[in-house]
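So that the names make sense, note that chain A is the first sequence line, chain B the second, and so on, each numbered from 1. Predicted model only: the values in this text are computed from it and were never measured.
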Amino acid sequence: MVEIIITEKFSVASDFAKALGVKQKFDGYFKNEQTIITWAVGHLVELWEPEDYDPNLKKWRIETLPVIPERFKYKPISKTYKQFNIIKSLLDNDNIDRVVIATDAGREGEVIARTILLESGFTDKERIFRFWTSQALVPEVVRKNMNELKPLSHYDRLWRAGYYRQVADWLVGMNCTRMVTLRLRISGELFSVGRVQTAVLSLIVDRKRERDRFVPEIYWIIKVLFSNPKGKWTGYWFQDKKIEGSLDSVPDDLKNLHALKKKEDVDRILKKIKQSKSGVVKSIKKENKKEPPPFLFSLTDLQQEANKRFGFSAQITLDIAQTLYQDKKCLSYPRTDSRVLGTQNLDMVKNILSKLELTYQNMFFGVDSTKISLSNKRVFNDAKLTDHHALIPFKPLPPDATYQEHSIFNLVLSRFIAAFYPDCEFENTKVITELEGETFQTNGKVVIVDGWRAVYQEETQDSDKLNLDSKKRKKSSSDSLVSSGKAKHEEIVENIPALAKGDIANCEKIVPEEKKTTAPPDYTDSLILKDMTNPSKYVEEEEIKKLYRGDVGIGTQATRAQIIETLINRKYIERSGKKLIATEKGVFLVDILRKSPLTSVLTSPEETARWEMSLNTIALGEPPSDKNAIEAVTSSHEESNRNAIKNFGQIPATSFLAHIKEFVAKAVNELKLAKFDHVFKPSDLNRPTGKNSKPQELVKQSDKNLKSQEQSKESKKNLKKTNLPKPPLSDNCVCPLCGGNIIEGKKGYGCSNWRAENGNCRFVIWKEIMGKVLTEQHIQTLVSGKTTKLYVLRDAQGNKFKAKLKMVRKDNKNYSIEIIPESRDIIMSNQNVIQCLR
DNA sequence: GCAAGGTC
């Protein structure tokens, strides 16, 4: 018997070759007497372009829209044409007894295989079988599942759902992009529109609006420093009852407790408690809590974490992970949405751990070997497995790795090892102190057992730290994203003295503090990834909310980074440090689309998520078609089935395509007829987008501008080549020694008066301090004498630690950057002080 | 000049 196995990518083909003992490798396939194993490179076949159907469609014209092909056709993708031809010629052989589809176990994997077969002209379904598993492809899994091949028809519905996804995205994208661009007719400006990119853009635009509209509200909190012979503690005034006129923009857990909106209430309370010298400890509640190690990384989780910790964009993280997987072979397949491994992976994990232990011995001291077993369901869980397992390290990082690769690898490594550590155990203490009938709350947290936190520190920069209770903490961090604003309020006290109920509480100090509510944060890569992964909060209906939990998102893990970059390339959003902020162009597009009922659907994450849901229903719930699936999706049968559907609900498979076509035709017509009262001038594109943003450099594609763009690129190049001085940093960033400008040099930021004739000032701050690369913003913070945020630094041995940086004056000619470690365990030595003066 | 989905 001769069989051909087709996988989605080379690495899988190689797994199959190993498992089945097919040793000889040819150009594009492995082969022995009975078995040929070949691979795709993702999609090898794509839908025709509009101009492939009709050359007249090459030129964009309003009159030729909408483009709705009667039958959609495919063609090989030019970049991978060679591999497609290899597969095609392998299939073009009468001796083939069976073809085994072994692409990834999912909707797109199905599309990849079916379109290759379709385009190769291999239509004999009787000879096609499906290899299907979610397990990692260790030899036993490959061999076992090769003996349990499934009939192709079991997956016809999946192929149908994938096909609908493709054509629906094509119809919306091609037609709406062309129509919007043509209707707006702004010289050279492309206004792309798509199911995913437009929904994501809307989120970012809405966030900008929210922030622009936001009016901070003033409120007060009252802190009291208590003491008794046992020690000191700080209590925060609170009241259980709702206060009249409470703040809307303060989260629920704060507004009824600590925040006081009226000054007279503050004065009244202050007057009352000032009379008293001492109060009493009214109650003490202690609770012991356990916290298991975090799940292993999915790609999106890793991207979020790397963005929070290192400021890497989603794309950078994916690129680094891809290199570590593909070239350095020390990470597993990166494009995964799974956070667990399969039970079949246990032996592999044992091998990997023993390999890693030789190199990273210092991270293994607390590993609980009983957790390296199948009873550890947070790691080994077949039920939660999707087509790839979680991201894990395979072997130690080679020594030639870059700093960035080091950062990403270490994250994955420490999360992996932490998964086999014991739980973290801590004690929460809640003290209520009473003073003149007013109540004050103190929260304390004492870690009893570090557990996994000894090797993996959690980053909490993007979420707030308001509550200690993990349930509450989750709630408050998600609330902070949807509420119109929040009150920042630190109430964590690490060490509370060993108080007892009835203890005296001397009132040492009363501190009323005026605060302002803050707007919801700008999106970052991390925050937008989170909302794309889990759009359920944009869904009102409880039933659909439930269905969305985890499964349905906006975009997929493999493309989310790309979507963010597309929005930036289109100048819909711009990056400012870590922030992603909508531009005038982005705001304008969303406004245009929201003017008409159908096109506004595209700006609604709820509607687009619902759309995905319908495709899932088709993949899972529709009765199997007795037709040949390939025929079914390419026949014109559906054309006649024109059930107009008013909204996106549960759409029967048979009318999905008809519905989409109708939707697109109507949406395009809306855009065609729409009257845009606001005439958008090209000059609008160059306007600053808001109070805090810089003017955009939106370059129009006219010849003149292109030229100037080229020129500016050229001049930048020359700048580097000739080492011309760069423009100084901002006006308020001046040399503390002589008042000169701070300019960026090759290795540091220094004083512009460095020449002898200008005073020979030697002030400089090096760009890299213990592994931390400093940007202009950091320099501004340091020069202004402020302390920076907490950063991850590295000592001379390469050990990570967290510290803040601050510039301090040593004498009248010396400044130095002091490194203030987070943990007192790190001893300050002279090494921790970097001189600013050469 | 257009989408989103894979892959490298």
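The residue A:G42 sits close to a base: some heavy atom pair falls under 4.0 Å. Looking at heavy-atom distances under 4.0 Å, A:G109 makes no contact with the nucleic acid at all. Residue contacts for A:N175: at a heavy-atom cut-off of 4.0 Å it reaches no nucleic acid atom on any strand shown. Residue-level contact check: A:V193 touches the backbone only, with heavy atoms under 4.0 Å from sugar-phosphate atoms and none from bases. Across all strands shown, A:E49 has heavy atoms under 4.0 Å from base atoms, whether or not it also approaches the sugar-phosphate. Backbone-only engagement by A:S192 is indicated by non-hydrogen atom pairs under 4.0 Å involving sugar-phosphate atoms exclusively. Contacts of A:R195 with the nucleic acid, taken as non-hydrogen atoms under 4.0 Å apart, involve only primed sugar atoms and P, OP1 or OP2. Within the 4.0 angstrom heavy-atom criterion, no nucleotide atom of any strand lies near A:T103. A:E108 comes within 4.0 angstrom of the backbone, heavy atoms only, and of no base. Among the protein residues, A:V172 comes within range of no part of the nucleic acid, since none of its heavy atoms lies under 4.0 Å from any strand.
Toward the 5′ end of DNA chain B lies the nearest nucleotide of A:T177, the other residue of the pair A:L44 and A:T177 mapping further downstream. Both A:T559 and A:L318 lie close to DNA chain B; mapped to their nearest nucleotides by heavy-atom distance, the more 5′-ward contact belongs to A:T559.
Spacing between atom CD of A:Q557 and atom P of B:dA4 amounts to 16 Å, rounded to whole angstrom units. Nucleotide B:dC2 holds its C1' atom 15 Å from the CZ atom of A:R185, rounded to whole Å. If you take CE of A:M179 and P of B:dA3, they are 17 Å apart, rounded to a whole angstrom. One atom, CG of A:L331, and another, P of B:dC8, lie 14 Å apart when rounded to the nearest Å. The distance between atom CD1 of A:I660 and atom C1' of B:dA4, rounded to the nearest whole Å, is 14 Å. As rounded to whole Å, 6 Å separates atom P of B:dG6 from atom NE2 of A:H43. The separation between A:I320 atom CD1 and B:dC8 atom C1' is 16 Å, rounded to whole Å. Distance A:E110 CD to B:dG5 P: 18 Å, rounded to the nearest Å.
Side-chain atoms of A:P50 lie closest to B:dC2 of the nucleotides B:dC2, B:dG6, B:dA3. Checking B:dA3, B:dC8, B:dT7 against the side-chain heavy atoms of A:Q197 singles out B:dA3 as nearest. Here the side chain of A:R570 is nearest to one of B:dA3, B:dT7, B:dG1, namely B:dA3.
The ring of A:F30 has its center no closer than 6.0 angstrom to the ring center of A:F16. For A:F648 and A:H659, the ring centers are positioned less than 6.0 Å apart. Proximity of the aromatic rings of A:W48 and A:Y74 is defined here by a centroid distance below 6.0 angstrom, and this criterion is not met.
A cation-pi arrangement is not found for A:K329 relative to A:F394, the charged atom failing to lie both closer than 6.0 Å to the ring centre and inside a 45° cone about the ring normal.
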### Message
I'd like to know whether A:L671 forms a side-chain contact (heavy atoms from CB on, under 4.5 Å) with A:S596, so could you lay out the CA-CA distance, the side-chain angles of the two residues, the decisive distance to 0.1 Å, and finally the verdict.
### Response
CA-CA 8 Å; A:L671 290 167; A:S596 310; 5.6 Å; no

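In this structure, A:V340 and A:L296 have side chains that are not in contact, with every pair of non-hydrogen atoms separated by 4.5 Å or more. Side-chain contact between A:W39 and A:K9 is absent, with no heavy atoms from C-beta onward closer than 4.5 Å.
Scanning atom types as modelled, one donor and one acceptor separated by under 3.5 angstrom connect the side chain of A:E51 and the base of B:dC2.
Residue A:T181 places no side-chain N or O under 4.0 Å from the OP1 or OP2 atom of B:dC2. A close approach under 4.0 Å does not occur between any side-chain nitrogen or oxygen of A:Q326 and OP1 or OP2 of B:dC8. The phosphate of B:dG5 (OP1 or OP2) has no side-chain N or O of A:R107 nearer than 4.0 angstrom.
A stacking contact links A:W60 to B:dG1: the aromatic ring centre lies within less than 5.5 Å of the base's six-membered ring centre, and the planes differ by less than 30°.
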